[in-house]
**Student:** 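Handing you this structure, nothing more for now.
Every chain is numbered from 1, with letters handed out A, B, ... down the list of sequences.
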Amino acid sequence: MPQRRVTVGSRVGLHARPAALFVQAAAAQDVPVTIGKDGVEPVDARSILSVIGLDAKGGEEVVLHAEGEGAEAALDALETVLETDHDTSEKPT
Amino acid sequence: MTDLINADLVDLDLTGEDRYEATALLAERLVEAGRVTDLDGFLADVRAREEQMPTGLEGGIGIPHARSAHVTAPTLAFGRSTEGVDFGAADGPADLVFLIAAPEGGGSEHMTILASLARRLVHKEFKDALRAAPDADAVVALIKKEVLEQ
């Protein structure tokens, strides 16, 4: 199954606004995607509560999984969202 | 350190026409508890955050929050609304509202709280228990047990 290890770019971590942006992007993909961390059960990337609950900090590595037609494209798109520091232009929350 | 939440920070009959009014009502409790020094300043910070992206989550939850220079200690306030308050979630208004306030320059502690809270809120049992809690003390006990001791 295609997977991708990505370092979280947002300094505040994958919480609140960065998490919401990621979830929106995940929901827009053609295939289901999961997100996990080492030692943590992967969760549905389209569930904001589950994603926030992962508690992925800035600089921490997460693992994305996707399956089916277009999986690699979905992973590419989500990797970009995750690597972006969404806090640079605004006050961190 | 001070408790993250206590019974004075719980409003089981939260009102407010919109999320800003509801948030203001909860924030007043933070002022009374000495956790927030400037109500308007704090609300402006919460509003700035809320305007970036609404904090309504699926399943009737609103989590307004801000890191703010007007906050003296990490604090969680909880409000339960019979009518529901629109926090911008796609699936409808929130009846469970958590206001998270963190001091400026503080660490990532409030994000850990948010994450822990989110992990519990995935479970229907926890939400049901919050909706059924008979009084503020029961809510505090529930949150301490389910969220803070995990």
**Student:** What's the shortest heavy-atom distance between B:Ala115 and A:Ile52, and which atoms?
**Tutor:** CB-O, 3.3 Å
**Student:** Looking only at heavy atoms, which of residues 59-75 of chain A get nearer than 4.5 Å to chain B?
**Tutor:** none
**Student:** More than 12 heavy atoms of other residues, nucleotides or ligands under 6.0 Å from CD of B:Glu83: is that the case?
**Tutor:** no
**Student:** Sub-4.5 Å heavy-atom contacts with chain B: which residues of residues 33-42 of chain A show up?
**Tutor:** none
**Student:** Compare all side-chain heavy atoms of B:Met53 with those of A:Leu21 and state whether any distance is below 4.5 angstrom.
**Tutor:** yes
**Student:** What residues of residues 43-50 of chain A sit under 4.5 Å from chain B when you count only heavy atoms?
**Tutor:** A:Ser47, A:Ile48, A:Leu49, A:Ser50
**Student:** Picking from B:Ile61, B:Thr55, B:Leu114, which has the most non-hydrogen pairs under 4.5 angstrom with chain A?
**Tutor:** B:Leu114
**Student:** Is there a continuous path of hydrophobic side-chain contacts, each under 4.5 Å between heavy atoms, that joins B:Leu43 to B:Tyr20?
**Tutor:** no
**Student:** Look up atom CD1 in B:Ile113 and atom NE2 in A:His15, then write down how far apart they are to the nearest 0.5 Å.
**Tutor:** 11.0 Å
**Student:** Return the minimal non-hydrogen interatomic distance between A:Gly53 and B:Ala118, and the atom names on each side.
**Tutor:** N-CB, 3.8 Å
**Student:** Taking all atoms of both residues into account, what is the closest heavy-atom pair of B:Arg49 and A:Arg17, and its distance?
**Tutor:** NH2-N, 3.3 Å
**Student:** Could you go through residues 89-98 of chain B and list every donor-acceptor pair under 3.5 Å that involves a side-chain atom there, pairing it with any protein atom two or more places apart or in another chain?
**Tutor:**
{"unit_1": "B:Asp91", "atom_1": "OD2", "unit_2": "B:Gly59", "atom_2": "N", "d": "2.7"}
{"unit_1": "B:Asp95", "atom_1": "OD1", "unit_2": "B:Arg131", "atom_2": "NE", "d": "3.4"}
{"unit_1": "B:Asp95", "atom_1": "OD1", "unit_2": "B:Arg131", "atom_2": "NH2", "d": "2.9"}
{"unit_1": "B:Asp95", "atom_1": "OD2", "unit_2": "B:Arg131", "atom_2": "NE", "d": "2.8"}

**Student:** Could you give me the CA-CA distance, side-chain angles and deciding distance for A:Asp55 and B:Arg119, then say whether side-chain contact (heavy atoms from CB on, under 4.5 Å) is met?
**Tutor:** CA-CA 9 Å; A:Asp55 198 16; B:Arg119 276 197 294 278; 4.0 Å; yes
